[in-house]
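First comes the structure, then the notes that go with it.
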Amino acid sequence: MSPDLRVSFAGVEFANPIMTASGCCGYGEELAKVYPLSKLGALVTKSVTLKPRLGHPPPRTAETASGMLNAIGLANVGIDCFITDKIPFLEKQKTRVIVNVAGSSLNEYVEVCGRLSDIARVDMIELNISCPNVDEGGMEFGADPVMTEKLVAAVKKVFPRPVIAKLSPNVTSIATIAAAAEQGGADALAVINSLVGTAIDVETWRPRLTYNKGGLTGAAIKPVALAMVNAVHEKCRLPIIGIGGISNGSDAVEFFLCGATAVQVGTALFIEPDVPVRMLGELKAYLKRKKLSSIGELTGKVRKY
Amino acid sequence: MSPDLRVSFAGVEFANPIMTASGCCGYGEELAKVYPLSKLGALVTKSVTLKPRLGHPPPRTAETASGMLNAIGLANVGIDCFITDKIPFLEKQKTRVIVNVAGSSLNEYVEVCGRLSDIARVDMIELNISCPNVDEGGMEFGADPVMTEKLVAAVKKVFPRPVIAKLSPNVTSIATIAAAAEQGGADALAVINSLVGTAIDVETWRPRLTYNKGGLTGAAIKPVALAMVNAVHEKCRLPIIGIGGISNGSDAVEFFLCGATAVQVGTALFIEPDVPVRMLGELKAYLKRKKLSSIGELTGKVRKY
Amino acid sequence: MTRPSCQDTLLIKKRDLKNNYFSATFRTYSRVDQCRPGQFVHIQIPSAEIYFRRAMSIAGVSSRRREIEVIFKVVGRGTRQLGNLHEKDRVNLLGPLGVPFRWPRKSETAVIVAGGVGFPPLLYLASEMVKRGHDPRRIEFFYGGRSSADLIERSRIRKLGVRFHPVTEDGSVGEKGLVTGPVEEFVRRAPNRHLRLYGCGPEGMLKATNELGVRLKVPGQISLEAPMPCGIGICLGCVVPLVGGGHARVCWDGPVFEIGEVAL
Amino acid sequence: MTRPSCQDTLLIKKRDLKNNYFSATFRTYSRVDQCRPGQFVHIQIPSAEIYFRRAMSIAGVSSRRREIEVIFKVVGRGTRQLGNLHEKDRVNLLGPLGVPFRWPRKSETAVIVAGGVGFPPLLYLASEMVKRGHDPRRIEFFYGGRSSADLIERSRIRKLGVRFHPVTEDGSVGEKGLVTGPVEEFVRRAPNRHLRLYGCGPEGMLKATNELGVRLKVPGQISLEAPMPCGIGICLGCVVPLVGGGHARVCWDGPVFEIGEVAL
Ligand SMILES: Cc1cc2nc3c(=O)[nH]c(=O)nc-3n(C[C@H](O)[C@H](O)[C@H](O)COP(=O)(O)OP(=O)(O)OC[C@H]3O[C@@H](n4cnc5c(N)ncnc54)[C@H](O)[C@@H]3O)c2cc1C
Ligand SMILES: Cc1cc2nc3c(=O)[nH]c(=O)nc-3n(C[C@H](O)[C@H](O)[C@H](O)COP(=O)(O)OP(=O)(O)OC[C@H]3O[C@@H](n4cnc5c(N)ncnc54)[C@H](O)[C@@H]3O)c2cc1C
Ligand SMILES: Cc1cc2nc3c(=O)[nH]c(=O)nc-3n(C[C@H](O)[C@H](O)[C@H](O)COP(=O)(O)O)c2cc1C
Ligand SMILES: Cc1cc2nc3c(=O)[nH]c(=O)nc-3n(C[C@H](O)[C@H](O)[C@H](O)COP(=O)(O)O)c2cc1C
Ligand code: FES
Ligand code: FES
């Protein structure tokens, strides 16, 4: 008997717990050329904003030790084009679709989420209240519990299906922000977005990113992400989607043990686009070897000293 | 003409800007067997507390992608033994000595610093208000601007020479804490201590550290450290000692450009104990190639977009 | 359509081409038959310092032996590591990626402008053209560099029977000067104007070729470079501004672009 | 006193000893003359996944050729990478590190208890004893493992002329059972008790050897293992609790400890 990889939370069932992280899989079109998206538990779109955005000028990525910096700056097609051009493609994909939404004001978030409310293909919304790469909105929301609660509550009023709050690691207490999101009515939490970082070119004395700083992601941040998932899990009962430096089945298991119900893979897709497919096999083999019948038997089961 | 590597801040001159970071060079005895400590700008001791501490039981370190986790738990000989056993050795070393002090209460910090006040060999004190690996004190101080200011002010009253506040990266705004330390009378800032992180053994479901979490250090955190040095430099006029993932001359130059006056090397010593010696050569060659006469010509000179 | 895939291959031949250039041939690559000139593979480099793959144009394939060749120059950490690989080392390739060059019509003369690490894809292009029956005398291969040492693998071009025009800044081989000088001269003098430009090389050369094409109204394509985290269009890291506004991804919308399309 | 140093060496010989064991010989190591049995080198492994060095006991040195040998078993990521190295690869060694074994007196019989990756330092110890004139018949070399395949390099021990006692759990070579059985038997039967134990091997074997030494009052030393971030006493990561209280660093205060000293 093959182990069951299905997970469900906020009333939605997913074929498996592996999702592609926002900003690391566009709107799915490119990855669909590498493997069918039905392999994914869910696809999380690039952050969508009210107006289209070009993002920051290049260079807007830089390689770091076991990781990378990015300051893409929420480049995206905007909600209108997203609905007319991207939704039709997503309609045909046999995977859950989570639309990540960003904005520079509460009203902008509400407007975008409202536009998505009657598109049934959008299974969930993920609120990006943690983007380090824009001057307005972004991380500001996610660093303030009051604003976090208000924003989530406002979005919950206009979007009838589950809402995930995606939290920033750049805070003194992520558990406090998590509690605020719960208070506001969030159905789940995504932990974590990228860490603020930078790198300088010592020849030109220029930052390696035109935005002067960016978000650090990839294997380098996995320990931080795990500790934050664990901290949130200890203080908050919402289901958690673990994110940060995941690149194989064993990494995912670490996140499950720390309290995650599902995981997202971001930067690792850049190095190995079919990493989710490999991970599915690794997870199955792991459950089998450990004689477990489902992912749920791992969630939060870390044996603390 | 060879470029001048000397730097000075808080009225103290250092032969060069490269120091060994607290907890990564003991009290200097072991490194002195590899090369003369006169090669160092300064040696920063392991954190000293009032009473001796065994630290946490092993395992208390774990390898991560381009970095490591540690939860040593401030293992140290205690201030009495430090003064009787370690100071005599340090008296003989031709380098600056900075004693890192930790405590679980304001009184403990003050008592330890008071004991060091008339030992002239102690050129400076570095206050560890950012240790993630103890239940009391440690990071609590460094996360709260009011406590930070109070603590620095109290120590300044009992210790007549310069006091460095070593800041935690695990905060929403490191610039706010830096300002509080400045307000309290700190003479310089050390940026950063380690990031909270963890790792789990997927075979045993145990954390890889008996303390369940630890501090992430090494190359992985360099981008975060650079961004924090930069953020502090923008908001605060105190000299900054840059720390985090430095392992070569070029890394140090990045920190200088972001605003550091000196740097500390920690985890890199574990991989290459004589990394400071190599870095001195690299820095000299860099200054020469760039036709600069001193490190000061780099500090804060990043050319932002 | 090509479906890119990640696959482990075996480095079976490494040749030192001098002046920091190397040729590396990998076996067994299952997608050789889908490769087209102008496309690239994204190479994973096993090393402590390298996190991203590195993009390398396809320089040639052997369908029969399922081999794929890249020619690279050591310029930084990643390519240094690549140059240190041993024969029989396992190397993961992601590809084939990117939009290939468009073929010239039989009646057209291909004017190839190559330089530096832009040479490998154009070597592949010229080889394939000849193989597919394009008259070699209708292929003008301009190859520029600082000095004769920069012009690698000249014998392979000569063997194709194409019209070969080496150009060096120091005159150590071929005409003296920048390659775009003789190219412009040729274009201006061309009796009929059924020309098609193909350019790949350092930034200055690309700019000049693009500008020349626009100015003299010669159609054609140029192939760009940009640091590429993903190589498959999902990170938005490799963008270039377009003349008509907006950004294009070099890896997915390119690396081959029409002359006049990109704001260089 | 030895002054440890980091230095680049050349892997000049790699031998597959089967069952995942390899021998690797590095040249030119300037500190060969300062190496003592029981000491180790900390090896830097060029790989994306490996951050710390890996500790390997010195298995032998050749002063004349300035060569140093380690014998290792592939058990995880680091040792797998080490096993993948090619001859002529450059490898950085930090060493020699740690407290060596103390020599037995001429009149004493060395009772060596080896197992698994604890074998290499004891091979070196026995070789050096013989070289320095210790009567080989006063060296009792017990070597335990699950099966004959676990007992590598037996011919090298035999060549030393020492009294060799292989012991395997499945009886495929030597006596059948755990090595500490025959060791205890020997110790009990020894006519005069001028014995000195030397133990290195898996945890169970070490514990049994330590316990045996304490119980039967045989002096001697055991060599421990612990994950070692630094190897030179500065990180405090490799500590073990001492019987008398407090912690000792395996890398700096050990890896060789007196029997009865460590709380195993
Ligand atoms: C589609 C494409 C095809 C290519 N084909 C070839 C080829 O056939 N042969 C070949 O030798 N090279 C080719 N390159 C360039 C090659 O990818 C870079 O030289 C390589 O990535 C440099 O890596 P590195 O680690 O050695 O250098 P790094 O240490 O990363 O950088 C060294 C210098 O090169 C710059 N750089 C890094 N990557 C790139 C890049 N992709 N484009 C431009 N500059 C860069 C850096 O900013 C730095 O100044 C191609 C690039 C692209 C995008
Ligand atoms: C002083 C000393 C001398 C040694 N001499 C030899 C030798 O001569 N030959 C030899 O083959 N090995 C020797 N070892 C052990 C060797 O260092 C480890 O096998 C190696 O570090 C494992 O690295 P890895 O990356 O392959 O395994 P990892 O992937 O890091 O780990 C694999 C498993 O081994 C455990 N482990 C990792 N490092 C150590 C360690 N240092 N000690 C104990 N367990 C560990 C891990 O917890 C894990 O369970 C010695 C260790 C020490 C401390
Ligand atoms: C290039 C890039 C672009 C990203 N864009 C977004 C985005 O638009 N919205 C968002 O919520 N997160 C974005 N992220 C963050 C990722 O979704 C994820 O939280 C982060 O990368 C950590 O996961 P990883 O280490 O697996 O990449 C982006 C990350 C990268 C690397
Ligand atoms: C094993 C270990 C022990 C440490 N102990 C201390 C300590 O006692 N006091 C302190 O202020 N910082 C301590 N640190 C933090 C370092 O001083 C430094 O701030 C941090 O490691 C980041 O620098 P790095 O990346 O160069 O290691 C310790 C770090 C490590 C790795
Ligand atoms: S390299 Fe990622 S989009 Fe082009
Ligand atoms: S390994 Fe660092 S103290 Fe022993």
Side-chain angles (χ1 to χ4, degrees), chain A residues 56-57 62 64-69 132 143-144 168-173 195-207 209-214 216 218-231 245 247 249-251 253-255 257-258 286 290 298 301-305, chain B residues 56-57 62 64-69 132 143-144 168-173 195-207 209-214 216 218-231 245 247 249-251 253-255 257-258 286 290 298 301-305:
Chain A
H56 302 305
T64 68
S66 295
M68 72 177 282
L69 287 163
D144 180 345
S168 167
N170 305 289
V171 295
T172 308
S173 165
L195 282 158
V196 176
T198 195
I200 314 294
D201 183 327
V202 300
E203 293 311 317
T204 61
W205 297 14
R206 285 273 196 201
L209 304 165
T210 58
Y211 191 61
N212 296 316
K213 57 182 183 173
L216 181 66
I221 71 166
K222 196 184 76 173
V224 173
L226 278 170
M228 290 200 163
V229 166
N230 191 68
S247 73
S250 158
D251 291 343
V253 171
E254 284 189 82
F255 277 85
L257 291 169
C258 283
Y286 180 85
K290 290 285 186 185
L298 293 167
K301 295 292 164 47
V302 58
R303 294 173 53 217
K304 296 223 174 154
Y305 285 95
Chain B
H56 302 305
T64 67
S66 295
M68 72 177 281
L69 287 163
D144 180 345
S168 167
N170 306 288
V171 295
T172 307
S173 165
L195 282 158
V196 175
T198 194
I200 314 293
D201 184 325
V202 299
E203 294 310 318
T204 63
W205 297 13
R206 286 273 196 200
L209 304 165
T210 59
Y211 190 61
N212 296 316
K213 58 183 183 172
L216 181 67
I221 71 166
K222 195 184 74 171
V224 174
L226 278 170
M228 291 201 162
V229 166
N230 192 69
S247 72
S250 158
D251 291 342
V253 171
E254 285 190 81
F255 277 84
L257 290 170
C258 283
Y286 179 85
K290 290 283 184 184
L298 292 168
K301 294 292 165 47
V302 59
R303 293 173 52 218
K304 295 224 175 155
Y305 284 96

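What you see is a predicted model; the values in this text were computed from it and never measured. Labels below follow one simple rule: chain letters A, B, ... track the order of the sequence lines, proteins then strands, and each chain is numbered from 1.
Expressed to the nearest 0.5 Å, how far OG1 of B/Thr198 lies from NZ of A/Lys222 amounts to 10.5 Å. The CG atom of B/Asp251 sits 12.0 Å away from atom CD1 of A/Ile200, with the distance rounded to the nearest 0.5 Å. Summarising the geometry, atom OG1 belonging to A/Thr64 is positioned 10.5 Å from atom CG belonging to B/Leu226; distances are rounded to the nearest 0.5 Å.
For B/Leu69, the part lying near chain A is the side chain, with the backbone staying farther off; criterion is any non-hydrogen pair under 4.5 Å. Heavy-atom distances place both the backbone and the side chain of B/Ser250 under 4.5 Å from chain A. A/Tyr286 touches chain B through its side chain: at least one heavy atom from C-beta onward sits under 4.5 Å away, while N, CA, C and O do not. For chain B, the nearby part of A/Leu209 is the backbone; its heavy atoms alone come within less than 4.5 Å. With a 4.5 angstrom heavy-atom cutoff, A/Lys301 touches chain B via backbone and side-chain atoms both.
Between B/Trp205 and A/Leu257 the shortest heavy-atom distance is CD2-CD2, 3.6 Å. Heavy atoms only, all atoms of each residue included: B/Ser66 and A/Ser66 are closest at OG-OG, 2.5 Å. Taking each heavy atom of A/Pro223 and B/Leu216 in turn, the nearest pair found is CG-CD1, 3.8 Å. Residues A/Val202 and B/Lys290 come closest through the heavy atom pair O-CE, 3.8 Å.
Side-chain atoms of A/Arg206 come within 3.5 Å of backbone atoms of B/Arg303 as a donor-acceptor pair (strictly under, hydrogens ignored).
When each of A/Lys213, A/Glu203, A/Met228 is checked for heavy-atom pairs under 4.5 Å with chain B, A/Glu203 comes out on top. Most heavy-atom pairs under 4.5 Å with chain B: of the set A/Val196, A/Leu195, A/Asn230, this distinction falls to A/Val196.
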